[in-house]
Amino acid sequence: MTILVTGGAGFIGGNFVLDWLAGCDELLINVDKLTYAGNLGTLKSLDGDLRHIFIRADIGDRDALSRLFAEHQPRAVINFAAESHVDRSITGPGEFIQTNVVGTFNLLESVRGYWNELAADEKAAFRFLHVSTDEVYGTLAADDPAFAETKAFEPNSPYSASKAASDHLVRAWHHTYGLPVLTTNCSNNYGPYHFPEKLIPLVILNALAGKALPIYGDGQQIRDWLFVKDHCSAIRRVLEAGKVGETYNVGGWNEKANLDVVKTICSLLDELQPKADGKPYVEQITYVTDRPGHDRRYAIDARKLERELGWKPAETFESGIRKTVEWYLGNQDWVSNVTSGAYREWVSAQYGA
Ligand code: NAD
Ligand code: DAU
C-alpha cells in the first residue's frame with residue numbers, strides 16, 4: 001500500500017510525513033516543489049528510510065504527476081501543497097493563483113486520469129484528501145458563532161480566495177466526475193518546523209535575537225490555535241473514516257488574541273531562556289501598521305469531526321505552546337538552516353534551480 005502526499009516538505013505536510021511514518025510502514029511518496037517554504041531539513045530523520053520517497057515536482061505539472069501515479073499506484077493522495085502566507089499573498093498574489101488554483105486544478109486532473117483507470121474495488125477505496133483552511137469562511141464579529149461546515153465562503157485575502165477556489169474545484173470534481181474526495185478546513189496551526197515568517201515562530205526567534213516583536217494593528221485579532229500534531233491526527237482520522245464528498249472543520253477550541261499569544265511566548269522565554277540583562281522579553285513588543293484587509297476573528301466549530309469520527313485534539317494551547325518554544329530552543333540547527341540562506345543554496349546546488 002502507498003500514499004502520496006504533496007507539500008510534504010512544508011510545515012504541516014512535513015509534520016504529517018514524520019507522524020505517518022512513526023505510526024505505520026506504508027510507503028509514502030512525497031511530492032514537493034521546494035519553494036522557499038519547503039525544507040528537506042525537516043525530513044532529515046528519514047534519510048535512508050526506504051518507506052519515504054521524495055520527488056521534487058510541481059503539483060501543476062500534470063505529466064510528472066500522472067507518471068508518478070502510474071508508477072506508484074497510491075491508494076490515497078493528500079494535498080498539502082500551497083502558497084500559505086497571507087502577507088505574501090498581499091504583496092504578490094500571482095503565485096497563489098498559480099499554485100492554489102491552477103495547480104490544484106492540474107493535480108485534480110492528473111488524479112482523475114489515474115483514478116479512472118483503476119479496477120472497480122480500487123476505484124471505490126481511493127481517496128483524494130484536500131487540506132484547506134478556516135480562512136475561506138471569512139471573518140467573525142466578537143459574538144458570532146464559530147464557523148460550521150455550513151457557513152458560506154466569504155474569503156477576504158488573495159490567499160483565502162485562492163484556497164476557497166481550490167475547495168470549490170475539489171467539490172466539483174466529486175459532484176461532476178465522482179472523484180472520492182474529502183476536504184478538511186483547519187484553524188491556525190503551530191508547532192515544530194514552522195517557517196519563521198508566521199507569527200509564533202517569528203516572535204520566538206525575534207525575541208531570542210533581541211529584535212522587535214511586531215504586532216499588527218491593536219493586536220486584538222483572534223485566531224483559534226491548534227498544535228500541528230493534532231491537525232495530523234485529524235487528517236489521518238478523516239482519511240480513514242471520513243464520508244466521501246464531505247468537509248470537516250478541524251480546530252483546537254483555543255481562541256486567543258494575538259497580543260496574548262505574544263505575551264505568553266515572552267513569559268515562557270523569560271522562564272526557559274532569561275535575558276542576560278534580566279529584562280522581560282515583553283519589552284520588545286512593537287506595534288506596527290496593520291495588515292490590509294486583516295480578518296478580525298476566526299473560530300472553528302469542530303463538533304462534526306468529534307461527533308461523526310470521534311476526533312479530539314490532545315494538546316491545550318498551554319501545553320502545545322510550551323512544547324513549541326522548547327522545540328525552537330532545542331533545534332537551532334534547523335532554524336539557522338532555514339534562515340541563513342544556506343538551505344536555499346543547497347537546493348540550488350542539488351537541483352540546479
Ligand atoms: P507551508 O507554506 O509551510 O508549506 C507548503 C509546502 O508546499 C512547501 O513545502 C512548498 O514547497 C510546497 N509547495 C508550494 N507550491 C507547490 C507546488 N506548486 N507544487 C508542489 N509543492 C508546492 O504551508 P503549511 O502551513 O504547511 O500549509 C499546508 C496546507 O495546509 C496548505 O494547503 C494550507 O493552506 C493549509 N493550512 C495551513 C494552516 C496553517 O496554520 N499553517 C492552517 C490550515 C490549513
Ligand atoms: O487560519 C488558518 C491560517 O493561519 C492558514 O490558512 C494560513 O496558511 C496560516 O499562515 C495562518 O494565517 P494567519 O494570517 O492567521 O497567520 P500568521 O501567522 O501570518 O498571523 C497570525 C496573526 O498574527 C494574524 O492575525 C496576523 C498577526 N501577525 C502576524 C505576523 C507575521 C502579527 O501581528 N504580526 C506579525 O508579524
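Ligands are counted one by one from 1 in listed order, and the atoms in each one are counted from 1 as well.
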Does the distance from a Lys or Arg side-chain N to an Asp or Glu carboxylate O, for [X] and [Y], drop under 4.0 Å?
X      : Y      : value
Arg112 : Glu109 : yes
Glu318 : Lys256 : yes
Glu26  : Arg75  : yes
Arg322 : Glu271 : yes

Could you work out, for atom 10 (O) of ligand 2, the closest of Gln220, Lys198, Lys163, Arg223 by heavy-atom distance? Lys198
Who's closest to atom 24 (C) of ligand 2 heavy-atom-wise, of His294, His194, Gln221? His294
Heavy-atom contacts with [X] under 4.0 Å: which atoms of ligand 2 show up? List them by number with element.
X      : value
Tyr298 : 1 (O)
Ile215 : 33 (O)
Val86  : 14 (O)
His85  : 19 (O)
Leu202 : 36 (O)
Tyr159 : 5 (C), 6 (O), 7 (C), 8 (O)
Thr133 : 1 (O), 2 (C), 3 (C), 5 (C), 6 (O)

If you measure every N or O of [X] against every N or O of ligand 2, does any of those distances drop under 3.5 Å?
X      : value
Ile200 : no
Trp225 : no
Ser187 : no
Asp87  : no
Cys186 : no

Minimum-distance protein heavy atom relative to [atom]:
atom                    : answer
atom 14 (O) of ligand 2 : Arg291 NH1, 2.6 Å
atom 35 (C) of ligand 2 : Tyr216 CZ, 3.4 Å
atom 16 (O) of ligand 2 : Asn188 ND2, 3.5 Å
atom 18 (O) of ligand 2 : Leu199 N, 2.8 Å
atom 9 (C) of ligand 2  : Ser84 O, 3.9 Å

When the ring planes of [X] and [Y] are compared, do they come out parallel, tilted or perpendicular, using 30° and 60° as the limits?
X      : Y      : result
Phe128 : His130 : parallel
Phe317 : Trp225 : tilted
Tyr216 : His294 : perpendicular
Tyr193 : Trp334 : perpendicular

Can you name the residues that form a salt bridge (Lys or Arg N to Asp or Glu O under 4.0 Å) with Glu149, not counting sequence neighbours? none
So, using salt bridge (Lys or Arg N to Asp or Glu O under 4.0 Å) as the criterion, who are the partners of Glu308 when residues are at least two apart? none
Apart from Tyr159 itself, members of its ILVMFWY cluster (side-chain separation under 4.5 Å) are Val86, Ile90, Phe96
Do [X] and [Y] touch side chain to side chain, with heavy atoms closer than 4.5 Å?
X      : Y      : value
Val5   : Ile29  : no
Arg296 : Ile222 : no
Thr6   : Asp32  : no

From CA spacing to verdict: side chain to side chain donor-acceptor pair (under 3.5 Å), Asp295, Asn156: CA-CA 7 Å; Asp295 285 339; Asn156 292 318; 2.8 Å; yes
Output, or 'none' if empty, a list of ligand 1-protein atom pairs in which both atoms are N or O and the distance is under 3.5 Å, rounded to 0.1 Å.
from, atom 1, to, atom 2, distance (Å)
ligand 1, 2 (O), Ser84, OG, 2.7
ligand 1, 3 (O), Phe11, N, 3.1
ligand 1, 9 (O), Gly10, N, 2.9
ligand 1, 9 (O), Asp32, OD1, 3.2
ligand 1, 9 (O), Asp32, OD2, 2.6
ligand 1, 11 (O), Asp32, OD1, 2.5
ligand 1, 11 (O), Leu34, N, 3.4
ligand 1, 11 (O), Thr35, N, 3.0
ligand 1, 11 (O), Thr35, OG1, 3.1
ligand 1, 18 (N), Asp58, OD1, 3.0
ligand 1, 18 (N), Thr99, OG1, 3.0
ligand 1, 19 (N), Ile59, N, 2.9
ligand 1, 21 (N), Lys33, N, 3.1
ligand 1, 23 (O), Ser84, OG, 3.2
ligand 1, 26 (O), Phe11, N, 3.3
ligand 1, 26 (O), Ile12, N, 2.7
ligand 1, 32 (O), Phe80, O, 3.2
ligand 1, 32 (O), Val131, O, 3.4
ligand 1, 32 (O), Lys163, NZ, 2.6
ligand 1, 34 (O), Tyr159, OH, 2.7
ligand 1, 34 (O), Lys163, NZ, 3.1
ligand 1, 40 (O), Asn189, N, 2.9

Test ring-ring contact (aromatic ring centres under 6.0 Å, His included) applied to Tyr190 and Tyr328, Phe195, Phe227, Trp327, the passing residue: Phe227
Can you tell me if Glu197 has a non-hydrogen atom under 4.0 Å from ligand 2? yes
Contact region, Asp134 to ligand 2, non-hydrogen atoms below 4.0 Å, reads side chain
